[in-house]
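Side chains are part of it too, since the values below use all heavy atoms of this structure and drop only hydrogens, waters and symmetry mates.
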Amino acid sequence: MTMPLMKPKRKNPVLRTRQMNLPPWARGRVALGMTAAAAEGRLELQVCEQCGAVQYPPREACHRCLSAALRWRAQAGGGQLLASTTLHHSNDLFFRERLPWRLGLVQLDAGPSVMVHLHGEVGEAPARVHVGARLDRAGQAVLIGFPETGSEHMADDRMLREMTSDPRFRKVLVTDGKSAVGQALVHALVKAGAEIVWVGHAEPWKKLPGFEDISQYKEVTLVPLDLTNGRQVSELAGEIGGKVDIVINNAEMHRAFGISSRRGTDVARAEMDINYFGLLRLAQEFGPALRARSADGIAHAAAWVNLLSIYALSNYPPHGTFSASKAAALSLAQCLRAEMRPTGIRVINVFPGPIEDEWNQNMPPPKVAPAALASAIVKALKEGVEDVYPGDVAQEWLERWRDNPKVLERELAAGGS
């Protein structure tokens with residue numbers, strides 16, 4: 001049974017902040033298929049389309065019939081632990097600072113034998129385990145052996161916490177607390193055990209429903225934050241940037257209509273100023289502080305979350321300029337992920353379908369409720385994934401986009417959704 005994580009002691013300010021050493025990250029291109037699946041929380045292995053063999057590690061050709069017709073397919077992950085060992089010494093800098101570390105050899109029900117990192121609740125061999133894929137601190141897929149039935153505090157396992165961004169005992173910045181999504185996020189983060197939640201709010205003269213409720217939490221501190229105001233973003237980063245462990249950028253400007261339905265560029269500029277340039281300002285000010293604290297003890301800086309939209313993948317003409325601003329934000333988020341990766345900070349991009357709010361009121365169901373979206377974001381932090389697609393519409397759009405982006409574009413242009 002995993003011991004519950006205790007609240008970390010306050011850091012001694014005299015001590016030097018430890019710098020991040022990443023685990024071994026070099027992989028061949030063929031292995032990136034497993035990483036792409038792990039980024040969305042799935043375990044996938046190569047399956048030969050000629051003979052049906054399931055293989056690991058990834059190869060260019062089938063180990064049984066040498067066919068190159070290999071496809072990545074989701075696996076259940078059940079298996080038998082054959083042997084285990086505990087490392088007490090390592091020449092690798094990442095593991096040397098985190099010893100002892102358990103490893104195991106598992107025979108998967110699907111066929112292959114795999115080496116896995118072992119969760120602390122897995123007993124000695126022989127034992128049934130469930131193998132899952134996670135991203136390590138270098139952003140590469142690794143395999144973890146979990147117990148078939150875990151305890152209440154299994155997420156507090158020291159090894160597993162290295163692979164995730166659990167908000168428990170961490171300090172979180174939510175950039176917009178006035179929206180329904182922002183308020184749902186605050187409720188979910190407090191419930192998940194966040195130590196402090198800084199909640200940004202622009203235009204303080206606007207009194208919106210629910211804002212007073214979240215301010216009653218003892219964990220919540222309200223801070224003025226307007227992402228269009230570079231000086232205000234800079235001042236807030238100077239005040240709390242060295243303390244924040246997780247940044248959740250949910251601030252957005254959303255207006256309907258496309259190009260010809262509205263004259264001028266004022267609305268499109270406002271959308272870009274928050275959805276794109278707001279993210280840029282935030283990343284420039286808070287990014288360096290997060291990168292500097294990515295190895296700072298148990299509650300190290302862990303993640304950056306961007307609330308994007310499924311419209312970022314393919315433009316939805318009825319919300320055309322909004323879609324364009326989110327596509328720009330997606331491109332910027334990919335750059336941010338590349339710059340954050342050398343220090344182990346996970347960048348999570350969230351692509352919801354239509355949200356149940358005023359800007360989607362004329363769209364028919366299904367729509368994503370703010371509480372469901374907040375739960376999906378907290379779940380992504382706890383499980384350490386990189387890309388999240390909440391809601392039925394987002395899942396359907398994703399499948400259509402992966403199948404043929406051009407066909408999806410034409411369908412949306414013809415009025416499909």
Side-chain angles (χ1 to χ4, degrees), residues 5 18-25 27 32 34-43 94 98 117 132-144 155-175 185 188-189 192-194 241 243-250 279 282-283 286-308 329-351 373-390:
L5 181 68
R18 192 174 68 178
Q19 300 301 301
M20 169 55 68
N21 291 305
L22 294 179
W25 58 271
R27 301 285 195 282
L32 293 180
M34 191 167 73
T35 297
E40 297 178 14
R42 301 189 308 275
L43 168 63
F94 177 84
R98 293 161 176 82
H117 302 286
R134 294 289 188 275
L135 297 178
D136 64 11
R137 296 298 295 280
Q140 297 289 355
V142 294
L143 301 181
I144 300 179
D156 293 336
D157 181 77
R158 185 173 58 88
M159 178 273 296
L160 188 58
R161 195 168 170 89
E162 282 288 344
M163 309 283 184
T164 64
S165 309
D166 197 319
R168 192 176 184 204
F169 295 137
R170 285 195 163 101
K171 303 174 181 67
V172 187
L173 170 64
V174 177
T175 58
L185 272 169
L189 289 166
K243 305 173 186 177
V244 174
D245 303 315
I246 299 172
V247 172
I248 302 180
N249 180 28
N250 68 303
L279 170 58
L282 202 66
F286 281 87
L290 259 70
R291 291 197 295 268
R293 293 188 46 255
S294 61
D296 196 12
I298 294 175
H300 56 78
W304 184 295
V305 182
N306 297 307
L307 179 60
L308 301 175
L330 170 58
S331 183
L332 188 64
Q334 291 169 336
C335 176
L336 179 62
R337 178 178 286 165
E339 292 188 2
M340 288 290 196
R341 181 157 292 158
T343 54
I345 298 294
R346 180 147 299 148
V347 174
I348 301 172
N349 290 331
V350 185
F351 302 85
L373 177 54
S375 296
I377 291 174
V378 171
K379 184 173 184 285
L381 288 166
K382 289 182 176 181
E383 296 184 354
V385 303
E386 278 190 348
D387 296 310
V388 192
Y389 301 87

*From the options Val172, Val388, Val305, select the one residue that forms a side-chain contact (heavy atoms from CB on, under 4.5 Å) with Leu381.*
Val305
*Apply salt bridge (Lys or Arg N to Asp or Glu O under 4.0 Å) to Lys379 and list each qualifying residue two or more places apart in sequence or on a separate chain.*
Glu383
Quick one: closest heavy-atom pair of [X] and [Y], and the distance?
X      : Y      : result
Ile246 : Ser165 : CD1-O, 3.6 Å
Pro167 : Val378 : CG-CG1, 4.4 Å
Arg346 : Leu135 : NH2-O, 3.0 Å
Arg27  : Val142 : NH2-CG1, 4.0 Å
Ile345 : Ala301 : CD1-O, 3.3 Å
Asp156 : Leu5   : OD2-N, 3.1 Å

Distance, nearest 0.5 Å, that separates [atom1] of [X] from [atom2] of [Y]:
X      : Y      : atom1 : atom2 : value
Leu279 : Leu332 : CG    : CG    : 4.5 Å
Arg161 : Lys382 : CZ    : NZ    : 11.0 Å
Leu185 : Ile377 : CG    : CD1   : 4.5 Å
Leu173 : Asn250 : CG    : CG    : 9.0 Å

Examine distances only and state if a side-chain atom of [X] and a backbone atom of [Y] form a donor-acceptor pair shorter than 3.5 Å.
X      : Y      : result
Asn306 : Leu308 : no
Asp245 : Lys171 : yes
Thr343 : Ser294 : no
Arg134 : Ala38  : no
Arg158 : Ile298 : no
Arg337 : Val347 : yes

State which residues pass side-chain hydrogen bond (donor to acceptor under 3.5 Å, both in side chains) with [X]; sequence neighbours excluded, sorted by chain then number.
X      : answer
Asp166 : none
Glu162 : Arg98, Arg137
Asp136 : none

Hey, are the side chains of [X] and [Y] touching, using non-hydrogen atoms and a 4.5 Å cut-off?
X      : Y      : answer
Leu373 : Val350 : yes
Ile248 : Leu189 : yes
Leu43  : Leu143 : yes
Arg170 : His300 : yes
Met20  : Leu22  : yes

*asked:* My understanding is that only residues two or more places apart in sequence, or in another chain, count here; which of them pass ring pair (Phe, Tyr, Trp, His ring centres under 6.0 Å) with His117?
replied: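 Residues passing ring pair (Phe, Tyr, Trp, His ring centres under 6.0 Å) with His117: Trp101.
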*ring pair (Phe, Tyr, Trp, His ring centres under 6.0 Å) against Tyr389, all qualifying residues, sequence neighbours excluded*: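 With sequence neighbours excluded, Tyr389 shows a ring pair (Phe, Tyr, Trp, His ring centres under 6.0 Å) to Phe351, given in chain and number order.
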